[in-house]
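A quick note: this is a predicted structure, and the numbers were derived from the prediction, not measured.
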Amino acid sequence: MKSLSLIIIILLSSSLRSEMINLECKTQTQNSERTNTFSLLLGTETKKAVQILKKGQLTMDLSIREDYFEVGQFTDASQTDLIVVLRINKTTLEIEYAKYMELIEPILCVKL
């Protein structure tokens, strides 16, 4: 009976596992080198994102659109209006919008 319970718990916990996408985002400089800007951890099931910077980390909300991952903060509990901080193209993994950064040079992300 104990082994049956253990097997059921293991099967349920593996089915509840959420997908995490780990991105390393870099800025291209004028001499074509890439400098590490930050890392992003996107929880597609939990709808949460963590931006990891040199100074610390920020936990934000994640909205998954047809063409984009949008990272930001929902305005209320209904989770209908998102204040977008980062918009990442799902195909190219390029950050196309960053609210608090100047996108003079493109920021490209790579899945780890």
S.K.: Nearest 0.5 Å please: distance from the CG atom of N22 over to the CD1 atom of I52.
M.R.: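 N22 CG to I52 CD1: 7.0 Å, rounded to 0.5 Å.
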S.K.: Checking one residue: L82. Which other hydrophobic residues are in its cluster under the side-chain 4.5 Å linking rule?
M.R.: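 L82 clusters with F74, V84, Y97.
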S.K.: Could you check whether K90 makes a cation-pi contact with F69, meaning its NZ or CZ is under 6.0 Å from the centre of the six-membered ring and within 45° of the ring axis?
M.R.: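 Yes, K90 and F69 form such a contact.
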S.K.: Taking only residues two or more places apart in sequence, or in another chain, which ones meet D81 in a side chain to side chain donor-acceptor pair (under 3.5 Å)?
M.R.: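 D81 satisfies side chain to side chain donor-acceptor pair (under 3.5 Å) with no residue once adjacent residues are dropped.
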S.K.: N89 versus Y68: any side-chain heavy-atom pair under 4.5 Å?
M.R.: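 When only atoms from C-beta onward are counted, Y68 and N89 do touch, with a gap below 4.5 Å.
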S.K.: Does T80 have any side chain to side chain donor-acceptor pair (under 3.5 Å) partners at least two apart in sequence or in another chain, and if so, which?
M.R.: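 T80 satisfies side chain to side chain donor-acceptor pair (under 3.5 Å) with S78 only.
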S.K.: To check you understand the geometry: which heavy-atom pair defines the closest contact between C25 and I95, and what is its length?
M.R.: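 Looks like SG-CD1, 4.2 Å.
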S.K.: Please tell me if the side chains of L86 and Q51 come closer than 4.5 Å, counting only heavy atoms from C-beta onward.
M.R.: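 When only atoms from C-beta onward are counted, Q51 and L86 do touch, with a gap below 4.5 Å.
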S.K.: Could you tell me whether the side chain of L58 reaches within less than 4.5 Å of the side chain of V85, counting heavy atoms only?
M.R.: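 No, side chains not in contact.
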S.K.: Step by step, work out the side-chain contact (heavy atoms from CB on, under 4.5 Å) result for L62 and K48.
M.R.: CA-CA 5 Å; L62 173 66; K48 293 291 181 187; 5.8 Å; no
S.K.: Determine yes or no for a side-chain-to-main-chain donor-acceptor pair under 3.5 angstrom, with T44 supplying the side chain and E19 the backbone.
M.R.: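 A pair under 3.5 Å: yes.
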S.K.: To the nearest 0.5 angstrom, please state how far the CG atom of L93 sits from the CG atom of L108.
M.R.: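 That separation rounds to 8.5 Å.
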S.K.: Rounded to the nearest 0.5 Å, how far apart are CD1 of I21 and CD1 of I64?
M.R.: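 So the gap between those two atoms works out to 7.0 Å.
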S.K.: Is there side-chain contact between K111 and L23, with heavy atoms separated by less than 4.5 Å?
M.R.: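 A side-chain contact exists here, since the closest heavy-atom pair is under 4.5 Å.
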S.K.: Is there a side-chain contact between V110 and K26 in this structure, where contact means two heavy atoms from C-beta onward sitting under 4.5 Å apart?
M.R.: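 No; the side chains remain at least 4.5 Å from each other.
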S.K.: Rounded to the nearest 0.5 Å, what separation is found between the CG atom of L53 and the CG atom of L40?
M.R.: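 L53 CG to L40 CG: 8.5 Å, rounded to 0.5 Å.
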S.K.: Are any of the side-chain heavy atoms of L42 and V71 separated by less than 4.5 Å?
M.R.: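 Result yes, sub-4.5 Å side-chain heavy-atom pair found.
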S.K.: Taking E70's backbone N and O only, do any of them form a donor-acceptor pair with S63's side chain (distance below 3.5 Å, no angle check)?
M.R.: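 Judged by distance alone, no pair lies under 3.5 Å.
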S.K.: What are the two closest non-hydrogen atoms of P106 and E94, and how far apart are they?
M.R.: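 So the minimum-distance heavy-atom pair works out to CB-OE2, 3.7 Å.
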S.K.: So, taking the atom named CD in Q73 and the one named CD in Q79, what distance separates them when rounded to the nearest 0.5 Å?
M.R.: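 Separation between the atoms: 9.5 Å.
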